[in-house]
Protein chains: 2
Amino acid sequence: MPKATPVTRNDVAQYAGVSTAVVSYVVNEGPRRVAPETRERVLEAIRVLGYRPNATARALRMGTTRTFGLITPDGGNPLFAELAKAIDKEASARGYVVLQTSADGDPVTEQAKIAELLIRQVSGLLLVAPTEDPDLTEVGIPVIAINRVLPTVSSVRPQYRAGARAGVKHLIEHGHRTIGLVIGGRGTGGRAPERELGWRDALRQAGLEDGPTARARFSRQGGYDAGKELLAATKRPTAIFASSDLQAVGVLRAIHEAGLRVPDDIAVLAFDGTAETEYSWPPLTVVRQPLDRMAREAVSRLIDGEDAVQSLTYPTDLILRKSCGC
Amino acid sequence: MPKATPVTRNDVAQYAGVSTAVVSYVVNEGPRRVAPETRERVLEAIRVLGYRPNATARALRMGTTRTFGLITPDGGNPLFAELAKAIDKEASARGYVVLQTSADGDPVTEQAKIAELLIRQVSGLLLVAPTEDPDLTEVGIPVIAINRVLPTVSSVRPQYRAGARAGVKHLIEHGHRTIGLVIGGRGTGGRAPERELGWRDALRQAGLEDGPTARARFSRQGGYDAGKELLAATKRPTAIFASSDLQAVGVLRAIHEAGLRVPDDIAVLAFDGTAETEYSWPPLTVVRQPLDRMAREAVSRLIDGEDAVQSLTYPTDLILRKSCGC
DNA sequence: AGCACGCTAGCAAGCGTTTTCCAGACCGGT
DNA sequence: ACCGGTCTGGAAAACGCTTGCTAGCGTGCT
């Protein structure tokens with residue numbers, strides 16, 4: 001069993017017959033020049049000794065950990081998992097590493113996790129779909145919200161409204177006149193969710209009335225219940241727009257169980273566009289969130305800084321598959 | 001904009017009129033007693049000043065970061081996402097935090113990520129389904145492999161063989177006589193994968209011949225291709241056992257596209273049991289990996305230590321849904 | 001009265017880095 | 001010869017924390 005081998009920079013210095021400062025210069029490839037042969041000796045020592053720099057010491061000295069904190073409501077949710085992956089990719093590419101954790105959609109857990117991450121001295125915080133407005137007054141590090149706008153920090157999110165509008169418009173072009181809506185989450189403070197707005201936009205633009213709506217949690221089960229609700233509506237929709245993939249999958253199940261066919265009897269459109277939707281039956285037509293671009297921008301803002309607090313939105317992609325009737 | 005406010009333990013000590021040591025004693029609730037009134041004064045100072053301990057300094061001094069490194073082949077894979085969530089939950093409960101990253105199934109990326117995490121001084125390493133046998137000779141910290149056994153470290157994994165056997169046995173009890181197999185990954189070093197073994201066990205036990213098999217990547221696309229392959233087999237199976245959820249979903253699609261019905265024409269059984277399978281159409285009967293138990297044990301071994309290197313296996317759950325014909 | 005001990009709190013070393021400041025060596029130019 | 005400049009390397013402080021050691025001081029026991 002390999003015993004702990006804390007070979008420090010001191011050992012390297014000694015072995016190479018130089019001072020610790022010199023070792024520092026060579027491992028950091030800093031502005032300081034060091035004679036080629038000395039450098040070689042140090043490199044050799046590092047190799048032989050199997051020296052690995054200690055990032056915590058470095059962090060203490062430098063005051064930065066090159067580590068991000070990422071909090072999602074639920075790491076098991078495919079959307080957040082894909083987002084986390086995109087963020088990890090961006091962060092890795094720039095030498096950062098990410099501490100990821102779930103808040104379970106609970107404000108106090110969320111606040112506790114934020115505190116924990118701050119203690120860990122993260123260099124930046126990514127809050128995915130945070131619950132309430134978390135207390136960010138004393139964080140002292142850059143924070144960016146994803147998929148939700150917060151009062152005091154910048155945010156990135158898809159163009160929910162325009163994306164929803166485009167998707168529903170597509171449904172209308174397929175000839176649908178009664179289009180139901182599965183809308184997510186608990187009423188977000190009176191303000192109608194953007195996806196609902198987009199749905200209505202498209203309807204109005206075509207001179208159509210609102211179809212039936214059902215409110216549901218952002219889960220497959222929620223979508224399933226909402227789907228059943230919509231199917232039982234007095235004016236049964238011929239198409240349903242679900243605010244999330246998870247809900248759409250639930251809706252699909254409700255439709256199947258009712259013995260109806262997609263898209264022949266009812267078309268379905270989902271917002272998000274995670275991998276799961278490509279292999280549902282039928283494959284779902286989706287409005288895809290540009291996760292990669294959002295991740296890139298979020299990470300970049302954390303690292304490169306930003307001139308001002310702003311909410312950035314990103315255009316979505318309408319991906320046509322079978323569930324809309326294409 | 002909140003400026004960086006590095007209020008240190010020195011400030012607290014000064015404000016409370018005590019030495020820094022005392023502050024340390026109270027924040028750590030350590031073995032050292034401090035007079036109640038002094039403690040109150042310190043607590044008050046901490047509150048007023050908004051002091052937050054610096055974990056990197058603590059880590060440097062103590063030699064432990066209370067941080068784990070978690071490497072999965074793909075953070076976007078729902079199985080790994082659910083596993084990561086379970087690990088995060090366990091770790092959080094014990095005051096640890098986890099650095100999560102993906103290796104993309106690439107051995108050199110994997111090795112690089114391991115190195116990066118070691119530099120970060122993680123207190124333990126969780127390797128999920130690592131690629132080759134990574135070089136673990138000089139890590140100096142506890143490592144545990146998940147879902148794969150590695151030569152030099154302990155591992156936790158589901159009872160692949162027994163689980164597969166139980167699942168296939170169930171298929172046989174439904175009357176199936178020709179049961180196909182979708183097996184994952186590239187030939188793992190000559191040794192037949194455990195799930196394949198379990199499948200064959202059940203078949204033999206019932207006096208049945210092997211059904212057709214198809215090798216595929218652990219992805220929906222891979223499962224889809226394999227599904228088509230199996231459907232075209234000279235002796236078409238009446239049931240298919242897929243080594244993973246992802247593959248099963250692909251198989252489902254292949255079956256649907258062929259105009260066949262599940263489970264009437266062909267039954268399907270999947271290994272893994274992620275949430276996605278509950279809402280596929282039809283809902284998939286699955287052999288579920290006990291992710292929570294595995295996560296708990298893995299984390300516990302990392303924190304509490306272990307007496308010896310061993311490979312732990314955990315019984316799976318057979319969850320009966322529609323795809324098997326139940 | 002003397003002493004040992006328990007309780008509380010302070011001092012200071014040290015964890016592994018980075019970085020500032022300085023020192024020596026060498027060079028070319030006067 | 002001397003001086004200024006360039007190049008290379010070393011000494012040491014500081015980052016914020018933990019902890020062993022020490023000290024002051026009441027209290028109870030002999």
Side-chain angles (χ1 to χ4, degrees), chain A residues 4-43 45-46 49-67 95 118-123 140-141, chain B residues 4-43 45-46 49-67 95 118-123 140-141:
Chain A
T5 38
V7 34
T8 138
R9 213 204 38 219
N10 252 306
D11 305 327
V12 176
Q14 191 170 347
Y15 185 98
V18 299
S19 82
T20 63
V22 178
V23 181
S24 216
Y25 301 148
V26 4
V27 336
N28 293 333
E29 327 221 334
R32 277 290 290 257
R33 278 186 47 77
V34 23
E37 64 178 51
T38 315
R39 145 180 246 87
E40 262 325 307
R41 259 207 338 273
V42 172
L43 256 18
I46 288 178
L49 266 19
Y51 166 70
R52 252 190 321 258
N54 181 326
T56 76
R58 179 172 222 271
L60 177 59
R61 177 61 223 247
M62 308 266 288
T64 171
T65 54
R66 296 179 81 82
T67 298
L118 288 179
I119 286 177
R120 299 308 235 259
Q121 307 294 118
V122 293
S123 312
I141 55 167
Chain B
T5 41
V7 35
T8 139
R9 212 207 38 223
N10 252 307
D11 305 327
V12 175
Q14 191 172 347
Y15 184 98
V18 299
S19 81
T20 63
V22 179
V23 181
S24 217
Y25 301 148
V26 3
V27 336
N28 293 334
E29 326 221 333
R32 284 282 291 257
R33 278 187 49 78
V34 23
E37 65 179 50
T38 315
R39 148 181 243 89
E40 262 323 307
R41 251 195 357 264
V42 172
L43 256 19
I46 288 178
L49 266 19
Y51 167 70
R52 254 192 319 260
N54 181 325
T56 75
R58 179 172 222 270
L60 177 58
R61 176 62 222 250
M62 308 266 290
T64 170
T65 54
R66 297 178 81 82
T67 299
L118 289 178
I119 286 177
R120 297 304 230 265
Q121 306 295 118
V122 293
S123 313
I141 55 168

Residue whose nearest DNA chain C nucleotide is more 5′ - B:A57 or B:V34: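 Checking each residue's closest nucleotide, the 5'-ward one belongs to B:V34.
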
May I have the distance from [X] (atom [atom1]) to [N] (atom [atom2]), rounded to whole angstrom?
X     : N      : atom1 : atom2 : value
A:I46 : C:dT17 : CD1   : C1'   : 13 Å
A:R66 : C:dT17 : CZ    : P     : 17 Å
A:R39 : D:dC7  : CZ    : P     : 16 Å
A:L60 : C:dT19 : CG    : C1'   : 14 Å
B:L49 : D:dG16 : CG    : P     : 14 Å
B:R58 : D:dC17 : CZ    : C1'   : 9 Å

List in chain and number order the residues that pass side chain to side chain donor-acceptor pair (under 3.5 Å) with [X], two or more places apart in sequence or in another chain; answer none if no residue qualifies.
X      : answer
A:R120 : A:E116
B:T67  : none
B:T56  : B:N54

Search all heavy atoms of B:S123 against all heavy atoms of B:T64 and return the closest pair with its distance.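 Closest approach of B:S123 to B:T64, heavy atoms only: OG-OG1, 3.2 Å.
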
Which atoms form the tightest heavy-atom contact between A:V34 and A:Y25, and what is the distance? CG1-CB, 4.3 Å

Those residues that, when tested against B:L43, pass side-chain contact (heavy atoms from CB on, under 4.5 Å) (two or more places apart):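 Checked B:L43 against side-chain contact (heavy atoms from CB on, under 4.5 Å); matches are B:V26, B:R39, B:E40, B:I46, B:R47.
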
Is there a side-chain polar atom (N or O) of A:T38 under 4.0 Å from OP1 or OP2 of D:dG9?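 For D:dG9, OP1/OP2 do have a side-chain N/O of A:T38 under 4.0 Å.
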
Among residues 8-19 of chain B, which residues get a heavy atom nearer than 4.0 Å to DNA chain C? B:G17, B:V18, B:S19

Polar atom pairs (N or O), protein with nucleotides 5-7 of chain C, under 3.5 Å:
none

Output a table of donor-acceptor pairs, distance under 3.5 Å, between side-chain atoms of residues 12-23 of chain B and any protein atom two or more places apart or on a different chain; print 'none' if there are none.
unit_1 : atom_1 : unit_2 : atom_2 : d
B:S19  : OG     : B:A21  : N      : 3.3
B:T20  : OG1    : B:R9   : NH2    : 3.2

Distances for protein N or O near nucleotides 19-21 of chain D N or O, under 3.5 Å:
unit_1 : atom_1 : unit_2 : atom_2 : d
D:dG20 : O6     : B:Y25  : OH     : 3.3
D:dC21 : N4     : B:R32  : NH1    : 2.9

Partner of A:R58 under side chain to side chain contact (heavy atoms under 4.5 Å, CB included), chosen from A:N28, A:V27, A:T65: A:N28

